[in-house]
Amino acid sequence: MTVTADMAISLDGYVAGTDVSVGNPAGDGAGPLFEWIHDLASWRERQGMTGGAENRDSELMREWFDATGAVVMGRMMFDTGEEFWGDNPPFRTPVFVLTHQPRPTLVKEGCTTFVFVTDGIRSALDRARAAAGDRNVDIAGGASTVRQYLREGLIDELQLHVVPALLGAGLRLFEGAGAGKQSLEQVRVVETPLATHLKYRFVR
């Protein structure tokens with residue numbers, strides 16, 4: 001089993017725009033980070049839609065979907081995404097939400113369940129590992145949550161989809177204390193007109 005983080009990021013290091021809120025989940029100016037995803041066949045399948053582009057970008061997205069057996073996310077990501085995802089979220093796996101506020105497990109269509117974890121990031125990861133079986137656990141975000149797992153050395157592989165756009169402001173993935181000093185080895189680089197897909201493995 002591998003613990004992954006998989007995020008779209010601008011060339012200047014932003015994973016969301018400014019003024020992120022429940023009504024504005026990606027933040028202002030973040031359209032270019034995610035527009036390339038929405039027309040991919042694999043993404044549309046996850047949304048219950050048909051059609052879309054069958055290309056290398058779609059293959060990489062499908063690879064990530066198929067390999068992921070459980071997801072961990074922060075409460076902010078859940079709060080900003082809940083309405084957008086609707087009754088049939090795209091995860092199709094158990095999702096463990098880090099929070100300080102207990103809440104009953106939320107069961108959705110398509111095998112997505114949201115389990116609210118109040119006793120820390122390691123507990124959430126342990127529960128996600130147990131749920132994932134022999135598939136991967138993905139630390140979905142947001143940036144603060146990914147940084148917490150990076151600081152603790154709990155992420156095995158990091159995949160960044162670098163979008164050819166400069167946001168100029170917003171939420172950075174690597175900011176402040178960030179991930180600390182760690183060594184990585186490059187697993188692969190895939191270049192397409194839509195993004196440069198960089199995959200790294202942390203050297204322990």
Side-chain angles (χ1 to χ4, degrees), residues 1-17 26-27 30 32-38 40 42-43 46 55-74 76-77 90-91 93 95-96 98 120-122 124-126 128-129 131-168 170-204:
M1 176 194 298
T2 302
V3 179
T4 65
D6 190 291
M7 306 188 79
I9 188 168
S10 68
L11 191 59
D12 51 350
Y14 295 101
V15 293
L33 287 180
F34 307 106
E35 287 167 353
W36 65 278
I37 299 173
H38 295 157
L40 302 181
S42 56
W43 178 261
R46 280 285 174 139
N55 53 25
R56 188 67 176 115
D57 305 280
S58 185
E59 290 172 1
L60 293 172
M61 190 65 61
R62 184 177 287 109
E63 174 187 273
W64 173 66
F65 285 144
D66 291 346
T68 300
V71 171
V72 176
M73 70 175 60
M76 182 64 170
M77 181 175 178
F91 302 101
T93 61
V95 179
F96 297 86
L98 296 163
I121 66 171
R122 289 181 181 271
L125 181 56
D126 288 343
R129 281 179 168 138
D134 59 356
R135 298 165 73 196
N136 294 343
V137 173
D138 188 71
I139 311 301
S144 175
T145 297
V146 173
R147 284 198 296 265
Q148 289 180 65
Y149 280 94
L150 287 173
R151 278 197 297 268
E152 296 297 318
L154 297 174
I155 293 177
D156 301 312
E157 289 185 353
L158 175 65
Q159 182 161 241
L160 299 175
H161 309 281
V162 183
V163 179
L166 300 173
L167 297 192
L171 185 62
R172 290 186 182 276
L173 178 58
F174 303 109
E175 187 172 59
K181 185 176 180 180
Q182 299 187 51
S183 297
L184 300 94
E185 60 182 9
Q186 184 175 289
V187 176
R188 72 180 178 200
V189 177
V190 178
E191 298 179 13
T192 78
L194 298 180
T196 301
H197 309 276
L198 308 174
K199 190 172 186 178
Y200 297 97
R201 180 180 298 116
F202 287 91
V203 179
R204 306 301 183 199

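Since the structure is predicted, the reported quantities are computational estimates derived from the model, not experimental observations.
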Is the backbone of M1 close enough, under 3.5 Å, to the side chain of R135 for a donor and an acceptor to pair up by distance?
no
Query raised in the report: Does R62 use its side chain to pair, donor to acceptor, with the backbone of W43 at less than 3.5 Å?
Result: no
Minimum heavy-atom distance between [X] and [Y], given as atom pair plus value:
X	Y	answer
A16	L167	O-CD1, 4.1 Å
A5	V146	CB-CG1, 4.2 Å
V15	A143	CG2-CB, 3.8 Å
A70	A131	CB-CB, 4.4 Å
P164	A195	CD-CA, 4.3 Å
A30	G17	CB-N, 3.5 Å

Distance in Å, [X] [atom1] paired with [Y] [atom2], rounded so as to fall on 0.5 Å steps:
X	Y	atom1	atom2	result
L198	Q159	CG	CD	8.5 Å
T93	F65	OG1	CZ	10.5 Å
D138	T2	CG	OG1	11.0 Å
L184	F202	CG	CZ	4.5 Å
I9	L158	CD1	CG	8.5 Å
M61	I37	CE	CD1	4.0 Å

Flag this pair as yes if the NZ/CZ of R147 is under 6.0 angstrom from the six-membered ring centre of F174 and inside a 45 degree cone about the axis; otherwise no.
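Geometry flag: not set, cation outside 6.0 Å or 45°.
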With a 4.5 Å cut-off on side-chain heavy atoms, are [Y] and [X] touching?
X	Y	result
L173	L160	yes
D156	R201	no
V190	T196	no
M73	T145	no
L40	N55	yes
K199	D6	no
V137	V71	no
Y149	L125	yes

Regarding [X] and [Y], does a basic nitrogen lie under 4.0 Å from an acidic carboxylate oxygen?
X	Y	answer
R188	E157	no
E59	R56	yes
E152	R122	yes

Polar side chain donor-acceptor pair, [X] to [Y], under 3.5 angstrom:
X	Y	result
D12	S10	yes
Q182	R151	no
D57	W36	no

Working for side chain to side chain contact (heavy atoms under 4.5 Å, CB included), residues V3 and L154 = CA-CA 7 Å; V3 179; L154 297 174; 5.5 Å; no
field: side chain to side chain contact (heavy atoms under 4.5 Å, CB included) between L11 and V163, intermediate numbers included
entry: CA-CA 6 Å; L11 191 59; V163 179; over 6 Å; no
So does E63 have more than 12 non-hydrogen atoms from other groups sitting under 6.0 Å from CD?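 Correct, the count exceeds 12.
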Using side chain to side chain contact (heavy atoms under 4.5 Å, CB included), reason through T4 and I155 one step at a time and then give a plain yes or no. CA-CA 6 Å; T4 65; I155 293 177; 5.9 Å; no
